[in-house]
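Here's the structure, in structure tokens; my notes come after.
Values reported hereafter were calculated over all heavy atoms of this structure, with side chains retained and with hydrogens, waters and symmetry mates removed.
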Amino acid sequence: MVHHVTSSQKPHIGPLSDYTVTPEQLDTYLRSRAEWRAVSLPELEETMSDQQFLVTFDDGYRNNLTAALPVLEAHDVPCLLFITSGFIDGNAYPYELELAEVVEHYETLRVPDRSEPVALRTVTDRRNLYRTLRLPLKPAPHEEREAFMERLAGQ
């Protein structure tokens, strides 16, 4: 299961830090499975065996097409791509990516509902703030997430 495939430098926090591989890492993984059989979902459901694998991508990011597809094609490996329809119809947006980018970028950050700016001197400071802000946003309705991110942007 993969989310992002990119040659860009991997951030220290957020979803990109946990779910990103480079095209070279994907290529290495596929080479390590050269003796195995890459299958599509219907094939997997029909013939389960120990020497099969299915590559999946979550959320349908553009880099799945631009960076992953050439590697998959070079190995003749099918994949299953899950698309987040809310990104397309506007009912959702990748707030976790936006939040991580903001926390990663600034040395200090004025957080809505806090009186003092938060200093972000270390990666640990950044990870802690990201987690603190993300936890209540995860279960929140889309409108609340968007409102919080708008207030954060306003700071």
Report task. Please check if Phe82 and Val39 belong to a single hydrophobic cluster, counting links between Ile, Leu, Val, Met, Phe, Trp and Tyr side chain heavy atoms closer than 4.5 Å. Result -> yes
Pairs in or reaching into [range]: which pass salt bridge (Lys or Arg N to Asp or Glu O under 4.0 Å), with residues at least two apart or in two chains?
| range | result |
| --- | --- |
| residues 24-33 | Asp27-Arg31 |
| residues 56-69 | none |
| residues 92-105 | Glu96-Arg134, Glu96-Lys138 |
| residues 75-89 | none |

Identify the two heavy atoms, one from [X] and one from [Y], that lie closest to each other, and give their separation to 0.1 Å.
| X | Y | value |
| --- | --- | --- |
| His3 | Tyr61 | O-CD1, 3.7 Å |
| Leu152 | Val102 | CD2-CG1, 4.1 Å |
| Val118 | Arg114 | CG2-NH1, 3.4 Å |
| Ala140 | Pro136 | CB-O, 3.6 Å |

Report summary line: Exactly one candidate in Asn63, Thr22, Asn64 meets side chain to side chain donor-acceptor pair (under 3.5 Å) with His4; the answer is Asn63
Query raised in the report: salt bridge (charged side-chain N to carboxylate O under 4.0 Å, His left out) with Glu107: which residues, sequence neighbours excluded?
Result: Arg126
Query - Residues in salt bridge (charged side-chain N to carboxylate O under 4.0 Å, His left out) contact with Arg151, at least two apart in sequence or another chain - result: Asp113
Report summary line: Distance col, row Leu129:CG vs Arg131:CZ, nearest 0.5 angstrom, shows 11.0 Å
Query - Gap separating the OG atom of Ser40 from the CG atom of Leu54, nearest 0.5 angstrom - result: 7.5 Å
Query raised in the report: Given Thr6 and Thr20, is the side-chain contact (heavy atoms from CB on, under 4.5 Å) satisfied, shown in steps?
Result: CA-CA 7 Å; Thr6 180; Thr20 299; 3.5 Å; yes
Hydrophobic cluster partners of [X] (side-chain heavy atoms under 4.5 Å):
| X | answer |
| --- | --- |
| Leu65 | Leu69 |
| Met1 | none |
| Phe53 | Val2, Val5, Val21, Leu26, Tyr29, Leu30, Trp36, Val55, Phe57, Val71, Leu72, Val77, Leu81, Ile83, Ile88 |

Requested in this report: Verify, without hydrogens or angle tests, whether Arg145 (side chain) and Leu137 (backbone) share a donor-acceptor contact under 3.5 angstrom.
Outcome: yes
Query raised in the report: With a 4.5 Å heavy-atom cut-off, do Ser7 and Pro23 have their side chains touching?
Result: yes
Requested in this report: List the steps and the verdict of salt bridge (charged side-chain N to carboxylate O under 4.0 Å, His left out) for Glu43 and Arg37.
Outcome: CA-CA 10 Å; Glu43 291 174 297; Arg37 186 167 159 260; 2.9 Å; yes
Query raised in the report: What residues form a ring-ring contact (aromatic ring centres under 6.0 Å, His included) with Tyr106, not counting sequence neighbours?
Result: none
Query raised in the report: In chain order, what residues pass the ring-ring contact (aromatic ring centres under 6.0 Å, His included) check against Tyr130, with sequence neighbours excluded?
Result: none
Query raised in the report: Do the side-chain N and O atoms of Gln25 and Thr28 include a donor-acceptor pair separated by under 3.5 angstrom?
Result: no
Query - Residue list, side-chain contact (heavy atoms from CB on, under 4.5 Å) with Thr122, at least two apart or on another chain - result: Thr124, Asp125
